[in-house]
Amino acid sequence: MDYLTTILLMAITTALINNMVFHFFVGNCPFIGVSRRLDAAFGMGAAVTAVTTVAGLLSWAVTYYILAPNKIGGQVLSAPLTHAVVQLFRPGYDGVVDLSILSYAVYIFLIAWAVQLVEMYIRKFFPPLYKAFGVYLPLITTNCVILFTCLEIMRHASATSGAEQWGLDKTLIFAFFAGVGFLIAIVIMAGIREELDKADIPKALRGPGITMVLAGILSMAFMGFAGVDRGLEKALHPPAKETAWIVALPTTQPAQGPQGQAPTSAGAPRQ
């Protein structure tokens with residue numbers, strides 16, 4: 001139950017409370033550029049979710065096994081594959097090899113590879129959607145949501161960052177719901193912009209002006225989700241009822257004198 005609660009809270013926090021677009025302000029270019037039509041926005045959100053999940057999985061595997069040191073048995077050691085290669089050329093070397101400096105280059109390569117996979121899949125099975133994306137589909141490679149997700153995964157895969165270390169399960173949950181958060185944001189924006197096409201908007205606000213105003217209002221609206229995780233955690237795990245930790249000690253009742261008079265210090269009634 002605790003594990004399921006942790007996963008549920010992590011999903012809600014990633015998709016709504018710490019939404020990539022409205023909380024961290026990353027991925028704004030496709031968020032503004034592809035939110036004119038609802039169908040294209042949904043397709044872009046789904047594609048970003050798929051790429052984020054694949055790239056997150058690959059980045060965790062590369063970080064854990066090659067780039068970043070791991071903590072095993074309370075001791076910080078080199079990544080397993082890196083340690084094996086070092087031992088092959090320098091047997092007996094017990095130093096920690098940290099290759100995290102290569103993370104940006106490696107992650108960009110992995111993201112580009114994941115985008116190519118998704119692009120080939122959409123072009124083969126969804127040609128109308130591929131045409132609707134236009135230039136924005138290759139631009140997923142430079143989507144800050146994906147790179148930000150990979151860097152956050154690196155922070156939680158390394159033993160030297162001080163953050164909680166994630167396994168593959170938490171990494172997949174985080175990567176998937178980071179994309180779902182982007183999907184929610186862009187679909188909401190697209191729905192509002194389609195309705196605005198029928199509205200009489202002042203000329204000075206048409207186009208990017210009203211879009212930026214809407215983005216600000218949506219960002220403030222998503223701030224209302226702050227604290228939902230704590231309330232949900234309390235609902236799923238109510239605090240235990242307070243128990244009486246003070247035990248009433250038996251007290252000796254003073255002996256009552258005759259006719260209800262208070263006893264003296266010697267126990268004898270006053271005259």
Side-chain angles (χ1 to χ4, degrees), residues 11 14-56 58-59 107-108 110-152 174-199 201 203-223 225:
T14 306
L16 298 178
I17 301 174
N18 295 333
N19 187 280
M20 293 292 172
V21 178
F22 297 132
H23 184 81
F24 294 108
F25 301 106
V26 294
N28 288 318
C29 295
F31 172 69
I32 300 296
V34 197
S35 59
R36 293 188 178 88
R37 290 175 48 195
L38 191 57
D39 54 347
F42 182 80
M44 174 58 75
V48 169
T49 302
V51 173
T52 305
T53 306
V54 175
L58 296 175
S59 62
Y107 292 161
I108 290 174
L110 294 176
I111 292 170
W113 186 69
V115 169
Q116 289 298 316
L117 284 180
V118 174
E119 183 177 357
M120 287 189 295
Y121 179 81
I122 294 177
R123 182 168 54 186
K124 181 173 181 60
F125 295 101
F126 305 98
L129 186 60
Y130 177 77
K131 292 182 180 178
F133 282 159
V135 70
Y136 291 105
L137 187 57
L139 286 180
I140 293 179
T141 308
T142 58
N143 192 324
C144 300
V145 170
I146 307 171
L147 182 58
F148 186 86
T149 302
C150 293
L151 292 176
E152 190 68 13
F174 176 77
F176 177 74
F177 282 96
V180 170
F182 180 82
L183 171 64
I184 293 173
I186 196 171
V187 166
I188 292 176
M189 176 60 86
I192 296 175
R193 291 182 71 175
E194 283 194 351
E195 293 297 325
L196 285 179
D197 291 339
K198 306 171 186 175
I201 302 174
K203 187 176 180 180
L205 289 177
R206 292 176 186 172
I210 191 64
T211 304
M212 297 306 294
V213 171
L214 285 174
I217 295 174
L218 286 174
S219 179
M220 288 189 290
F222 268 69
M223 291 174 62
F225 289 111

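Atoms considered below: every heavy atom in the structure, side chains included; atoms not considered: hydrogens, waters and symmetry mates.
Between F148 and L151, the closest side-chain pair of non-hydrogen atoms is not below 4.5 Å. The closest side-chain heavy-atom distance from V118 to I140 is not below 4.5 Å. The closest side-chain heavy-atom distance from M44 to F31 is not below 4.5 Å.
Atom CG of L214 is separated from atom CD1 of I210 by 5.0 Å, given to the nearest 0.5 angstrom. Taken to the nearest 0.5 Å, the SG atom of C150 stands 7.0 Å off from the CG atom of L110. Within the model, atoms CG of L218 and CD1 of I184 stand 12.0 Å from one another, a figure rounded to the nearest 0.5 Å. For the atom pair CG (L38) and CD1 (I186), the distance works out to 10.0 Å, reported to the nearest 0.5 Å. The distance from atom CG of L196 to atom CZ of R36, rounded to the nearest 0.5 Å, is 13.0 Å. In this structure, I201 CD1 and R206 CZ are separated by 7.5 Å, a value rounded to the nearest 0.5 Å.
Take F25 and apply the ring-ring contact (aromatic ring centres under 6.0 Å, His included) test, not counting sequence neighbours, and it matches no residue. Applying the ring-ring contact (aromatic ring centres under 6.0 Å, His included) criterion to F222, with sequence neighbours excluded, gives F22, F225. Residues passing the side chain to side chain donor-acceptor pair (under 3.5 Å) test with R123: none are found, sequence neighbours excluded. Residues forming a salt bridge (charged side-chain N to carboxylate O under 4.0 Å, His left out) with E119 (at least two apart in sequence, or on another chain): none. For S35, the side chain to side chain donor-acceptor pair (under 3.5 Å) partners are R193, not counting sequence neighbours.
Here the closest heavy-atom approach between residue T149 and residue A175 is recorded as CG2-CA, 4.0 Å. When all heavy atoms are compared, the tightest approach of M189 to T211 is CE-O, 3.7 Å. Residues C144 and G27 approach most closely at CB-N, 3.8 Å, considering heavy atoms. The nearest pair of heavy atoms linking N18 to F24 is O-CE1, 3.6 Å.
Just one residue in the list V145, I146, N19 forms a side-chain contact (heavy atoms from CB on, under 4.5 Å) with F182, and that residue is V145.
By the neighbour-count criterion of 12 heavy atoms within 6.0 Å, atom CZ of R37 is sparsely surrounded, having that number or fewer from other residues, nucleotides or ligands.
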Please list, one pair per line, the donor and acceptor atoms closer than 3.5 Å that link side chains of residues 48-56 to other protein atoms, with sequence neighbours excluded.
{"from": "T49", "atom 1": "OG1", "to": "G45", "atom 2": "O", "distance (Å)": "2.8"}
{"from": "T49", "atom 1": "OG1", "to": "G179", "atom 2": "O", "distance (Å)": "3.0"}
{"from": "T52", "atom 1": "OG1", "to": "V48", "atom 2": "O", "distance (Å)": "2.6"}
{"from": "T53", "atom 1": "OG1", "to": "T49", "atom 2": "O", "distance (Å)": "2.8"}

